[in-house]
Student: 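Got a structure for you, written out below as C-alpha coordinates; questions coming shortly.
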Number of protein chains: 2
Amino acid sequence: MRRKIEIKLIEDKPKRHTTFTKRRQGLMKKTEQLCEISDSQAVVIAFSGTGNCYCLGHPHADTVLDRYFGESSSADEVERRIGDAMKSGRWVDAATGLELDELDELLAELEETTRRVEALAAESG
Amino acid sequence: MRRKIEIKLIEDKPKRHTTFTKRRQGLMKKTEQLCEISDSQAVVIAFSGTGNCYCLGHPHADTVLDRYFGESSSADEVERRIGDAMKSGRWVDAATGLELDELDELLAELEETTRRVEALAAESG
DNA sequence: ATGGCTATTTATAACTC
DNA sequence: TGAGTTATAAATAGCCA
(Lines give C-alpha, C1' and ligand atoms only; values in the text may rest on other atoms or scores of the structure.)
Protein backbone atom coordinates (compact mmCIF):
# COMPACT_ATOMS: atom_id res chain seq x y z
CA MET A 1 0.00 0.00 0.00
CA ARG A 2 2.50 2.56 1.12
CA ARG A 3 5.27 3.53 -1.31
CA LYS A 4 8.54 5.28 -0.74
CA ILE A 5 8.28 8.91 -1.74
CA GLU A 6 10.80 11.47 -2.82
CA ILE A 7 11.07 14.61 -0.70
CA LYS A 8 10.00 17.19 -3.25
CA LEU A 9 6.96 19.38 -3.69
CA ILE A 10 3.71 17.45 -3.91
CA GLU A 11 1.99 18.88 -6.98
CA ASP A 12 -1.55 17.87 -6.05
CA LYS A 13 -2.79 20.56 -3.68
CA PRO A 14 -5.32 18.66 -1.55
CA LYS A 15 -2.82 15.86 -1.10
CA ARG A 16 -0.11 18.39 -0.30
CA HIS A 17 -2.18 19.88 2.47
CA THR A 18 -3.13 16.50 3.90
CA THR A 19 0.55 15.61 4.03
CA PHE A 20 1.36 18.95 5.64
CA THR A 21 -1.21 18.31 8.36
CA LYS A 22 -0.04 14.79 9.11
CA ARG A 23 3.65 15.62 9.10
CA ARG A 24 3.11 18.78 11.12
CA GLN A 25 1.34 16.76 13.80
CA GLY A 26 4.22 14.31 13.81
CA LEU A 27 6.74 17.14 14.11
CA MET A 28 4.93 18.69 17.08
CA LYS A 29 4.71 15.32 18.81
CA LYS A 30 8.43 14.68 18.27
CA THR A 31 9.23 18.11 19.65
CA GLU A 32 7.33 17.49 22.88
CA GLN A 33 8.90 14.08 23.25
CA LEU A 34 12.39 15.47 22.74
CA CYS A 35 11.87 17.98 25.54
CA GLU A 36 10.30 15.55 28.00
CA ILE A 37 12.82 12.80 27.48
CA SER A 38 16.00 14.88 27.50
CA ASP A 39 15.38 17.85 29.80
CA SER A 40 15.56 20.31 26.93
CA GLN A 41 13.53 23.24 25.63
CA ALA A 42 12.32 23.63 22.08
CA VAL A 43 9.91 25.53 19.89
CA VAL A 44 8.52 24.78 16.43
CA ILE A 45 6.76 27.33 14.27
CA ALA A 46 5.28 26.27 10.94
CA PHE A 47 3.41 28.20 8.28
CA SER A 48 1.31 26.17 5.86
CA GLY A 49 1.36 27.05 2.18
CA THR A 50 -2.03 28.67 2.74
CA GLY A 51 -0.58 30.96 5.40
CA ASN A 52 -1.84 29.36 8.59
CA CYS A 53 0.51 29.48 11.53
CA TYR A 54 1.08 26.59 13.93
CA CYS A 55 3.30 26.92 16.93
CA LEU A 56 4.38 24.66 19.77
CA GLY A 57 6.92 25.24 22.50
CA HIS A 58 8.12 23.48 25.62
CA PRO A 59 7.74 24.69 28.27
CA HIS A 60 6.23 27.61 26.30
CA ALA A 61 6.93 29.06 22.87
CA ASP A 62 7.69 32.48 24.36
CA THR A 63 10.10 31.04 26.91
CA VAL A 64 12.24 29.43 24.23
CA LEU A 65 12.01 32.38 21.84
CA ASP A 66 13.05 34.87 24.52
CA ARG A 67 15.96 32.65 25.41
CA TYR A 68 16.95 32.40 21.75
CA PHE A 69 16.92 36.14 21.18
CA GLY A 70 18.70 36.73 24.45
CA GLU A 71 21.56 34.42 23.49
CA SER A 72 21.98 35.37 19.86
CA SER A 73 22.57 39.02 20.68
CA SER A 74 25.12 41.19 18.94
CA ALA A 75 25.08 44.84 17.95
CA ASP A 76 24.49 43.96 14.30
CA GLU A 77 21.77 41.50 15.17
CA VAL A 78 19.91 44.01 17.32
CA GLU A 79 20.22 46.69 14.66
CA ARG A 80 18.93 44.28 12.03
CA ARG A 81 16.04 43.14 14.18
CA ILE A 82 14.91 46.66 14.97
CA GLY A 83 15.08 47.56 11.29
CA ASP A 84 13.24 44.44 10.18
CA ALA A 85 10.60 44.85 12.82
CA MET A 86 9.85 48.39 11.66
CA LYS A 87 9.78 47.35 8.00
CA SER A 88 7.55 44.39 8.73
CA GLY A 89 4.95 46.66 10.29
CA ARG A 90 5.22 45.00 13.68
CA TRP A 91 5.26 48.31 15.52
CA VAL A 92 2.61 49.84 13.31
CA ASP A 93 0.27 46.90 13.85
CA ALA A 94 0.98 47.09 17.53
CA ALA A 95 -0.10 50.68 17.60
CA THR A 96 -3.42 50.10 15.82
CA GLY A 97 -6.06 52.19 17.49
CA LEU A 98 -3.71 54.98 18.50
CA GLU A 99 -4.30 58.51 17.28
CA LEU A 100 -2.33 59.25 14.16
CA ASP A 101 -0.19 61.89 15.82
CA GLU A 102 0.63 59.52 18.65
CA LEU A 103 1.60 56.91 16.12
CA ASP A 104 3.87 59.34 14.28
CA GLU A 105 5.51 60.28 17.52
CA LEU A 106 6.08 56.65 18.46
CA LEU A 107 7.57 55.84 15.07
CA ALA A 108 9.87 58.86 15.22
CA GLU A 109 11.17 57.69 18.58
CA LEU A 110 11.77 54.20 17.28
CA GLU A 111 13.55 55.53 14.21
CA GLU A 112 15.75 57.70 16.38
CA THR A 113 16.58 54.71 18.57
CA THR A 114 17.47 52.70 15.49
CA ARG A 115 19.82 55.43 14.28
CA ARG A 116 21.39 55.65 17.70
CA VAL A 117 22.03 51.90 17.84
CA GLU A 118 23.42 51.95 14.31
CA ALA A 119 25.78 54.79 15.17
CA LEU A 120 27.03 53.10 18.33
CA ALA A 121 27.44 49.78 16.51
CA ALA A 122 29.51 51.53 13.84
CA GLU A 123 31.71 53.24 16.43
CA SER A 124 32.36 50.03 18.33
CA GLY A 125 32.74 47.83 15.21
CA MET B 1 17.84 -5.13 20.63
CA ARG B 2 15.72 -2.07 20.69
CA ARG B 3 13.00 -1.83 23.30
CA LYS B 4 9.95 0.34 23.60
CA ILE B 5 10.59 3.27 25.89
CA GLU B 6 8.38 5.55 27.88
CA ILE B 7 8.54 9.27 27.11
CA LYS B 8 9.86 10.53 30.41
CA LEU B 9 13.13 12.01 31.61
CA ILE B 10 16.11 9.73 31.02
CA GLU B 11 17.91 9.67 34.36
CA ASP B 12 21.32 8.63 33.04
CA LYS B 13 22.95 11.84 31.85
CA PRO B 14 25.28 10.56 29.11
CA LYS B 15 22.46 8.48 27.68
CA ARG B 16 20.13 11.46 27.94
CA HIS B 17 22.46 13.60 25.91
CA THR B 18 22.96 10.92 23.28
CA THR B 19 19.22 10.64 22.91
CA PHE B 20 18.91 14.40 22.69
CA THR B 21 21.45 14.53 19.87
CA LYS B 22 19.83 11.74 17.86
CA ARG B 23 16.29 12.97 18.29
CA ARG B 24 17.27 16.56 17.58
CA GLN B 25 18.85 15.49 14.30
CA GLY B 26 15.69 13.60 13.43
CA LEU B 27 13.56 16.63 14.27
CA MET B 28 15.63 18.94 12.06
CA LYS B 29 15.45 16.49 9.18
CA LYS B 30 11.67 16.17 9.52
CA THR B 31 11.36 19.93 9.58
CA GLU B 32 13.24 20.36 6.31
CA GLN B 33 11.25 17.57 4.71
CA LEU B 34 7.95 19.10 5.81
CA CYS B 35 8.86 22.40 4.15
CA GLU B 36 10.15 20.90 0.93
CA ILE B 37 7.28 18.53 0.43
CA SER B 38 4.40 20.85 1.28
CA ASP B 39 5.47 24.36 0.26
CA SER B 40 5.57 25.56 3.86
CA GLN B 41 7.95 27.48 6.10
CA ALA B 42 9.10 26.34 9.51
CA VAL B 43 11.68 26.91 12.20
CA VAL B 44 12.87 24.73 15.07
CA ILE B 45 14.91 26.00 17.97
CA ALA B 46 16.13 23.59 20.61
CA PHE B 47 18.17 24.08 23.77
CA SER B 48 19.89 21.05 25.20
CA GLY B 49 19.89 20.46 28.93
CA THR B 50 23.49 21.68 28.93
CA GLY B 51 22.44 24.98 27.37
CA ASN B 52 23.54 24.56 23.78
CA CYS B 53 21.29 26.09 21.18
CA TYR B 54 20.41 24.44 17.88
CA CYS B 55 18.33 26.18 15.27
CA LEU B 56 17.05 25.33 11.82
CA GLY B 57 14.66 27.22 9.57
CA HIS B 58 13.33 26.96 6.06
CA PRO B 59 13.94 29.02 4.02
CA HIS B 60 15.79 30.72 6.92
CA ALA B 61 15.20 30.86 10.65
CA ASP B 62 14.98 34.65 10.61
CA THR B 63 12.46 34.65 7.77
CA VAL B 64 10.05 32.46 9.69
CA LEU B 65 10.61 34.22 13.01
CA ASP B 66 10.03 37.66 11.52
CA ARG B 67 6.84 36.38 9.94
CA TYR B 68 5.75 34.92 13.27
CA PHE B 69 6.33 38.13 15.21
CA GLY B 70 4.79 40.19 12.43
CA GLU B 71 1.58 38.21 12.67
CA SER B 72 1.32 37.94 16.43
CA SER B 73 1.60 41.67 17.00
CA SER B 74 -0.45 43.56 19.53
CA ALA B 75 0.32 46.50 21.77
CA ASP B 76 0.60 44.25 24.82
CA GLU B 77 2.82 41.81 23.01
CA VAL B 78 5.22 44.51 21.87
CA GLU B 79 5.33 46.04 25.32
CA ARG B 80 5.99 42.65 26.84
CA ARG B 81 8.71 41.84 24.31
CA ILE B 82 10.54 45.10 24.84
CA GLY B 83 10.39 44.64 28.59
CA ASP B 84 11.54 41.04 28.42
CA ALA B 85 14.35 41.92 26.04
CA MET B 86 15.68 44.55 28.41
CA LYS B 87 15.39 42.29 31.43
CA SER B 88 17.11 39.44 29.61
CA GLY B 89 20.13 41.58 28.93
CA ARG B 90 19.71 41.38 25.17
CA TRP B 91 20.43 45.06 24.70
CA VAL B 92 23.25 45.08 27.19
CA ASP B 93 24.97 42.13 25.54
CA ALA B 94 24.45 43.77 22.19
CA ALA B 95 26.31 46.82 23.33
CA THR B 96 29.36 44.96 24.62
CA GLY B 97 32.44 46.94 23.72
CA LEU B 98 30.76 50.32 23.87
CA GLU B 99 32.02 52.97 26.24
CA LEU B 100 30.15 52.92 29.52
CA ASP B 101 28.65 56.37 29.01
CA GLU B 102 27.46 55.41 25.54
CA LEU B 103 25.88 52.30 27.00
CA ASP B 104 24.09 54.31 29.68
CA GLU B 105 22.79 56.68 27.07
CA LEU B 106 21.54 53.84 24.89
CA LEU B 107 19.79 52.15 27.79
CA ALA B 108 18.16 55.39 28.84
CA GLU B 109 16.76 55.83 25.35
CA LEU B 110 15.44 52.31 25.28
CA GLU B 111 13.85 52.73 28.68
CA GLU B 112 12.20 55.93 27.55
CA THR B 113 10.88 54.18 24.45
CA THR B 114 9.51 51.40 26.59
CA ARG B 115 7.69 53.87 28.83
CA ARG B 116 6.31 55.65 25.78
CA VAL B 117 4.96 52.41 24.29
CA GLU B 118 3.50 51.41 27.64
CA ALA B 119 1.79 54.77 27.99
CA LEU B 120 0.32 54.65 24.50
CA ALA B 121 -0.79 51.05 24.97
CA ALA B 122 -2.56 52.04 28.18
CA GLU B 123 -4.30 54.99 26.50
CA SER B 124 -5.50 52.91 23.57
CA GLY B 125 -6.44 49.86 25.64
C1' DA C 1 -11.82 18.58 5.35
C1' DT C 2 -11.29 14.52 9.36
C1' DG C 3 -10.36 10.37 11.25
C1' DG C 4 -9.00 5.49 11.02
C1' DC C 5 -6.44 1.52 8.73
C1' DT C 6 -2.32 -1.15 7.31
C1' DA C 7 1.76 -2.05 4.59
C1' DT C 8 5.95 0.00 4.45
C1' DT C 9 9.32 3.19 5.21
C1' DT C 10 11.77 5.77 8.55
C1' DA C 11 13.58 6.81 13.05
C1' DT C 12 15.95 5.29 16.78
C1' DA C 13 17.44 2.39 21.48
C1' DA C 14 20.85 -0.51 22.53
C1' DC C 15 25.17 -1.91 21.36
C1' DT C 16 29.94 -1.72 19.56
C1' DC C 17 34.32 0.36 18.42
C1' DT D 1 32.86 11.16 23.20
C1' DG D 2 31.48 10.50 18.56
C1' DA D 3 30.41 7.60 14.69
C1' DG D 4 28.39 3.20 12.77
C1' DT D 5 25.18 -1.13 13.05
C1' DT D 6 20.95 -3.49 13.58
C1' DA D 7 16.67 -4.97 15.34
C1' DT D 8 12.58 -2.94 16.65
C1' DA D 9 9.29 0.85 17.48
C1' DA D 10 7.12 4.72 15.40
C1' DA D 11 5.61 7.51 11.56
C1' DT D 12 3.17 7.78 7.54
C1' DA D 13 1.44 7.18 2.11
C1' DG D 14 -2.26 5.52 0.06
C1' DC D 15 -7.01 4.11 0.93
C1' DC D 16 -11.41 4.26 2.55
C1' DA D 17 -15.57 5.35 5.79
Side-chain angles (χ1 to χ4, degrees), chain A residues 1-65 67-68 70-72, chain B residues 1-65 67-68 70-72:
Chain A
M1 290 192 170
R2 172 177 188 178
R3 277 178 297 172
K4 179 174 180 175
I5 60 155
E6 231 188 311
I7 300 301
K8 66 187 187 74
L9 182 67
I10 296 171
E11 298 293 344
D12 182 63
K13 284 195 175 183
K15 184 177 171 183
R16 190 196 302 170
H17 192 257
T18 300
T19 297
F20 172 78
T21 301
K22 286 194 173 185
R23 280 179 173 259
R24 172 177 51 78
Q25 288 170 347
L27 195 66
M28 300 292 188
K29 182 176 177 180
K30 289 263 183 207
T31 301
E32 284 205 314
Q33 289 186 342
L34 174 68
C35 294
E36 289 174 13
I37 210 172
S38 66
D39 183 34
S40 52
Q41 298 189 339
V43 60
V44 187
I45 300 169
F47 286 93
S48 71
T50 55
N52 284 73
C53 180
Y54 304 87
C55 179
L56 174 92
H58 181 98
H60 301 287
D62 284 345
T63 307
V64 187
L65 289 171
R67 188 173 175 187
Y68 176 72
E71 294 209 355
S72 67
Chain B
M1 287 193 170
R2 174 178 187 179
R3 276 176 298 171
K4 178 173 180 175
I5 60 155
E6 229 187 314
I7 301 299
K8 66 188 188 73
L9 183 66
I10 296 172
E11 300 293 344
D12 182 62
K13 285 195 176 184
K15 184 178 171 183
R16 189 196 302 170
H17 192 257
T18 300
T19 297
F20 172 79
T21 300
K22 287 199 171 186
R23 280 180 171 259
R24 171 177 53 76
Q25 289 170 345
L27 194 67
M28 300 293 187
K29 183 176 177 180
K30 289 263 183 209
T31 301
E32 283 204 315
Q33 290 185 340
L34 174 67
C35 293
E36 289 174 13
I37 210 172
S38 66
D39 184 35
S40 51
Q41 298 188 339
V43 60
V44 186
I45 299 168
F47 286 93
S48 70
T50 54
N52 284 72
C53 179
Y54 305 86
C55 178
L56 174 92
H58 181 100
H60 303 287
D62 286 344
T63 307
V64 187
L65 290 170
R67 188 174 176 185
Y68 176 72
E71 296 208 355
S72 66

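For clarity, every value in this text was computed on a predicted model and none was experimentally measured. Letters A, B, ... mirror the listed sequences (proteins, then strands); counts begin at 1.
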Student: For A:Arg16 and C:dA1, what is the distance between atoms CZ and P respectively, to the nearest whole Å?
Tutor: 13 Å
Student: Specify the separation, in whole Å, of atom CG of B:Leu34 and atom P of C:dT10.
Tutor: 16 Å
Student: For D:dA11 and A:Lys29 - does any side-chain N or O of the residue sit under 4.0 Å from the phosphate oxygens OP1/OP2?
Tutor: yes
Student: Could you tell me the separation between the CZ atom of A:Arg23 and the SG atom of B:Cys35, rounded to the nearest 0.5 Å?
Tutor: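 These two atoms lie 11.0 Å from each other.
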Student: Of the nucleotides C:dT9, C:dA14, D:dG14, which has the atom closest to the A:Lys4 side chain?
Tutor: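 Per side-chain heavy atoms of A:Lys4, the pick is C:dT9.
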Student: Working to the nearest 0.5 angstrom, can you tell me the gap between B:Leu56 CG and B:Leu27 CG?
Tutor: 9.0 Å
Student: Within a strict 4.5 Å, meaning less than it, do heavy atoms of the A:Ile5 and A:Thr19 side chains meet?
Tutor: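 Result no, sub-4.5 Å side-chain heavy-atom pair not found.
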Student: Which sits closer to the 5' end of DNA chain C, A:Arg3 or A:Pro14, going by the nucleotide each is nearest to?
Tutor: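 Between the two, 5'-proximity favours A:Pro14.
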Student: Taking only the side-chain heavy atoms of B:Lys15 (C-beta and beyond), determine which of D:dT12, C:dT12, C:dA14 contains the nearest atom.
Tutor: C:dA14
Student: Measure CD/A:Glu6 against P/D:dT12 and give the value in whole Å, please.
Tutor: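 Spelled out: CD on A:Glu6 to P on D:dT12 is 18 Å.
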Student: Are B:Val43 and B:Tyr68 packed together at the side-chain level, in the sense that at least one heavy-atom pair is separated by less than 4.5 angstrom?
Tutor: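 The answer is no, as the side chains (C-beta and beyond) never meet within the 4.5 Å cut-off.
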Student: If you check every side-chain atom of A:Arg2, which of C:dT12, C:dT10, C:dA14 has the closest atom?
Tutor: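 Comparing C:dT12, C:dT10, C:dA14 against the side chain of A:Arg2, the answer is C:dT10.
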Student: Please list residues of residues 17-28 of chain B whose heavy atoms come under 4.0 Å from any atom in DNA chain C, ordered by number; otherwise none.
Tutor: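 Contacts with DNA chain C under 4.0 Å: B:Thr19, B:Lys22, B:Arg23, B:Gly26.
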Student: First locate atom CD of B:Gln33, then atom OG of B:Ser38, and finally report the distance between them rounded to the nearest 0.5 Å.
Tutor: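 OG of B:Ser38 is found 11.0 Å from CD of B:Gln33.
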